[in-house]
Amino acid sequence: MALAKWVEPREPTSRPRARGLFVWARSYRGSHNKGAKPRDRRIKITQVNQGASKMSDHEMEKLRHSAAHVMAEAVLKLFPDAKFGIGPAIDNGFYYDFDLPRALSPEDLEQISERMKASIQAKKTFEREVVSRQEAMQIFGDQPYKLELLQEMPPDETISVYRHGEFVDLCRGPHVEHTGELRWDSFALLSIAGAYWRGDENRPMLQRIYGTVWRNKQELRAHLEHLEEVQRRDHRRVGRELDLFSTHEEAGPGLIYWHPKGGRIREIIEDFWRKRHREGGYELLYTPHIGRSWLWETSGHLDFFQEGMFPPMDVDGQDYYLKPMNCPFHIMIYNTDVRSYRELPLRWAELGTVYRYERSGVLHGLLRVRGLTQDDAHIICTPDQIEDEILGVLRFSLQLWHDLGFEDIQAYLATRPEKAVGDDAMWEQALGSLRKALEAEEIPYEIDEGGGAFYGPKIDLKINDALGREWQMTTIQFDFNEPERFDMTYTGADGQEHRPYMVHRALLGALERFFGVLIEHYGGAFPVWFAPVQVRLIPIADRHAAYAKQVGERLRAAGLRIEMDDSSNRMNAKIREAQLAKIPYMLVIGDREVEDETVSVRLRTNENLGAMSVDAFLERANDLVARRANHEL
RNA sequence: GCCCACGUAGCUCAGGCGGUAGAGCACAUUCUUGGUAAGAAUGAGGUCAUGGGUUCAAGUCCCAUCGUGGGCUCCA
């Protein structure tokens with residue numbers, strides 16, 4: 001992820017931040033904004049709705065696209081001068097872009113909705129008509145965006161328009177038979193958003209209305225409930241409720257403050273991560289946070305990535321930059337010595353905090369920030385070793401995800417873009433080893449043709465969370481560029497100098513972002529092994545506090561993270577609070593427990609296990625921690 | 001960055017057409033000592049994001065700035 005580096009300076013003036021620059025920018029394929037490509041189809045329906053729709057994708061798409069037309073019809077009635085952009089079907093719904101004389105308000109959505117219902121009840125027929133280019137130009141004479149689309153269509157393309165009622169749209173179709181196939185109670189307009197015409201920030205900003213449409217009322221309700229669930233799990237909300245992290249306007253946006261409880265989770269995951277890396281043959285590095293411009297000139301960052309970097313600071317007349325990536329620092333360490341093929345492969349990892357200038361409008365909670373800690377590593381090896389190394393990284397990554405409770409993973413294999421460094425043979429070998437690794441692990445993958453960085457091909461892993469949403473997290477990238485630029489070498493068995501292969505990889509991506517996904521995946525109910533507080537002791541009355549404290553000390557000594565609620569609240573209130581804090585275990589202690597030297601165990605699932613000895617409880621909890629159980633309590 | 005919306009107590013939010021602020025939760029104190037999701041009373045808390053402007057008078061209207069949120073190539 002974060003390794004996706006400088007991009008080809010393809011169109012430096014108009015679109016300086018083209019694709020590939022920030023892999024993670026587009027990684028959330030949410031309910032209504034992403035995922036047109038066919039490869040997304042199979043995961044687009046969220047859990048809640050799975051099975052709810054018996055319609056094929058194709059039929060649903062027709063329905064959604066037709067809904068877009070009906071909405072456009074309603075907008076036309078309200079704004080006779082409206083100019084129309086495009087209105088496609090998308091995952092779970094549709095949108096349409098309009099150029100309108102004034103800004104839309106939520107009240108407008110109600111009106112538009114009402115008009116749509118009227119149109120649906122009128123059962124207007126969708127009529128397809130093939131027209132000549134001339135006719136089309138005439139029909140859409142006052143529709144500049146449609147005319148632009150027309151002009152771009154290849155000369156031999158069949159041009160069709162669809163009409164229903166008074167509305168006519170340039171459209172390939174297909175559509176449902178008539179508007180009555182939509183149901184007045186099965187669609188909803190969700191939001192208004194700005195959207196550049198054709199996604200180009202140099203072109204006019206249109207107003208986009210997003211809507212969702214379903215086959216019936218029940219499906220719509222299920223979808224709306226799903227959206228509510230997404231909101232309930234929003235990491236910004238849960239982060240505040242559970243006191244995990246914060247950001248501060250006064251202190252700079254996009255910078256994350258980890259509170260004690262968030263810090264605990266991070267500490268546990270980092271410890272686990274380090275342990276795994278040591279076992280996996282990695283060495284851990286620590287490198288500086290800033291570096292002189294020489295470093296970034298040499299690496300090429302100043303040529304290709306400067307916009308993503310914070311401006312330089314002047315130190316004794318020298319420019320220093322906050323690091324946006326760790327790789328040049330690792331290379332500096334590599335180059336401190338003459339390297340032999342005998343010491344390769346080197347696997348060097350670092351939890352390296354980097355800083356990137358993100359435009360203000362794209363910052364988003366933990367998911368898009370300006371200061372982030374990558375779980376970065378660089379593997380430096382000989383061409384002979386590359387295949388094993390890639391397979392090793394892939395397995396390593398999958399195991400890590402498994403241990404963290406994510407099982408549903410797929411991959412994208414990005415191949416050589418038009419302009420690229422490195423010769424064809426290198427690309428072919430690199431790509432071959434990536435592909436082989438994916439096939440060896442039997443991971444479903446799609447080829448992202450030409451989607452590689454200019455400096456090398458890559459594998460990106462996408463992780464599906466508990467709500468069926470897809471997140472791009474892991475990236476494994478070849479780099480044919482930096483070894484060259486920094487003149488990295490090793491001495492081969494032949495006594496000659498050779499250029500090593502270098503692979504960048506980030507598995508969790510960035511700890512901040514990973515934390516955000518983790519929070520949403522578990523909805524704040526973290527597994528026992530990394531729950532910030534595992535046990536809350538709940539003495540019923542003050543006279544039970546001494547025994548509770550004793551129990552607490554035993555649990556603490558056994559390695560559990562505990563809290564004691566010795567407030568003056570009633571037991572019910574204490575339970576409620578522990579429940580809301582999503583603490584796995586509530587140990588209720590009253591007269592009976594003191595008498596029998598037991599604890600009463602209540603789970604955050606509302607399940608009550610009844611009284612058991614402290615030893616029995618410890619055994620249960622420690623077992624789950626040791627196994628890193630992700631769902632059992 | 002751009003479009004739109006928003007910024008009122010720690011949190012979630014009320015505050016017609018301008019007349020110097022209110023609730024619930026949280027917090028503090030006191031009472032209550034309880035058996036599996038909220039016991040009660042009292043109290044403290046706000047330069048209404050910041051800076052300008054209009055006005056006799058500005059959370060309220062205007063402008064700017066900062067921040068937050070929804071979006072910004074699913075292709076007729």
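Protein chains get the first letters and strands the later ones, always in sequence-line order, with residue 1 at the start of each.
Trp197(A) has its CH2 atom 17 Å from the C1' atom of rC2(B), to the nearest Å. For His248(A) and rU50(B), the NE2 to C1' distance is 18 Å, given to the nearest whole Å. Going from atom CD of Gln231(A) over to atom P of rU12(B) covers 13 Å, rounded to whole Å. In this structure, Ile575(A) atom CD1 and rG35(B) atom C1' are separated by 8 Å, rounded to whole Å. Whole-Å rounding puts the Asn569(A) CG to rA28(B) C1' distance at 14 Å. Atom P of nucleotide rU36(B) and atom CD of Glu577(A) are separated by 17 Å, given to the nearest angstrom. The CZ atom of Arg237(A) sits 13 Å away from the C1' atom of rC13(B) (whole-angstrom rounding). Distance, Ile90(A) CD1 to rC72(B) P: 9 Å, rounded to whole Å.
Among the heavy atoms of the strands, none lies under 4.0 Å from Val161(A). Counting any heavy atom pair closer than 4.0 Å across all strands shown, Glu157(A) reaches a base atom. Within the 4.0 angstrom heavy-atom criterion, no nucleotide atom of any strand lies near Met586(A). Ile159(A) comes within 4.0 angstrom of a nucleotide base, judged by non-hydrogen atoms across all strands. Residue contacts shown for Ile538(A) are absent, as no nucleic acid heavy atom lies under 4.0 Å away. Contacts of Gly85(A) with the nucleic acid, taken as non-hydrogen atoms under 4.0 Å apart, are absent. Looking at heavy-atom distances under 4.0 Å, Ser246(A) makes no contact with the nucleic acid at all. Backbone-only contact: Ala195(A) has heavy atoms under 4.0 Å from sugar-phosphate atoms and none from a base. Here His364(A) lies in heavy-atom contact (under 4.0 Å) with sugar-phosphate atoms only. Within the nucleic acid shown, Lys574(A) has no heavy atom closer than 4.0 Å to any nucleic acid atom.
Distances shown here put a side-chain N or O of Arg543(A) below 4.0 Å from the OP1 or OP2 atom of rG34(B). Using a 4.0 Å cut-off, some side-chain N or O of Arg240(A) falls inside it from OP1 or OP2 of rU12(B). Residue Arg359(A) places no side-chain N or O under 4.0 Å from the OP1 or OP2 atom of rC2(B). Taking 4.0 angstrom as the limit, Arg236(A) places a side-chain polar atom (N or O) nearer than this to OP1 or OP2 of rG70(B). For rU36(B), neither phosphate oxygen OP1 nor OP2 lies less than 4.0 angstrom from any side-chain nitrogen or oxygen of Asn608(A). Between Arg602(A) and the phosphate of rA37(B), there is a side-chain N or O to OP1/OP2 separation shorter than 4.0 Å. Listed pair Arg592(A) / rG35(B) fails the phosphate criterion, with no side-chain N or O lying under 4.0 Å from OP1 or OP2. One finds no side-chain N or O of Tyr95(A) lying less than 4.0 angstrom from the OP1 or OP2 phosphate oxygen of rG70(B).
None of Asp169(A), Asp99(A), Leu76(A), Asp97(A) except one satisfies the side-chain contact (heavy atoms from CB on, under 4.5 Å) rule with Phe84(A); the exception is Leu76(A).
A donor and an acceptor atom sit less than 3.5 Å apart, one in the side chain of Glu593(A) and one in the base of rG35(B). Judged by distance alone with a 3.5 Å cut-off, no donor-acceptor contact links the side chain of Thr247(A) to the base of rU68(B). Counting atom types as modelled, Tyr196(A) pairs a side-chain N or O with a base atom of rG1(B) as donor and acceptor under 3.5 Å. Looking at Asp542(A), its side chain comes within 3.5 Å of the base of rU33(B) through a donor and an acceptor atom.
Shown here, rG45(B) is classed syn by the O4'-C1'-N9-C4 or O4'-C1'-N1-C2 angle, which is within 90° of 0. Classified by its glycosidic torsion, rG59(B) falls in the syn category, the angle being within 90° of 0. Glycosidic conformation, rG15(B): anti, with the torsion outside 90° of 0. rC56(B): glycosidic angle beyond 90° from 0, hence anti.
Of the C1' atoms belonging to rG67(B) and rU50(B), the separation is 10 Å, rounded to the nearest Å. Comparing the C1' positions of rU8(B) and rG24(B) gives an interatomic distance of 15 Å, to the nearest angstrom. Straight-line distance between the C1' atoms of rG19(B) and rU12(B): roughly 29 Å, to the nearest whole Å. Nucleotides rU54(B) and rG59(B), compared at atom P, are 16 Å apart to the nearest Å. The P atoms of rG22(B) and rC63(B) are separated by 29 Å, rounded to the nearest whole Å. Comparing the same atom, C1', in rG45(B) and in rG52(B) gives a spacing of 29 Å after rounding to whole Å. Taking the P atom of each, rA58(B) and rG18(B) are spaced 13 Å apart, rounded to whole Å. Rounded to whole Å, the C1' atom of rC11(B) lies 12 Å from the corresponding atom of rC27(B).
Note that CZ of Phe515(A) is 11.5 Å distant from CD of Glu520(A), once rounded to the nearest 0.5 Å.
For rU47(B), there is no paired base (Watson-Crick or G-U wobble, both distances below 3.5 Å).
Atom CD of Glu166(A) sits in a sparse spot, with 12 or fewer heavy atoms from other residues, nucleotides or ligands closer than 6.0 Å.
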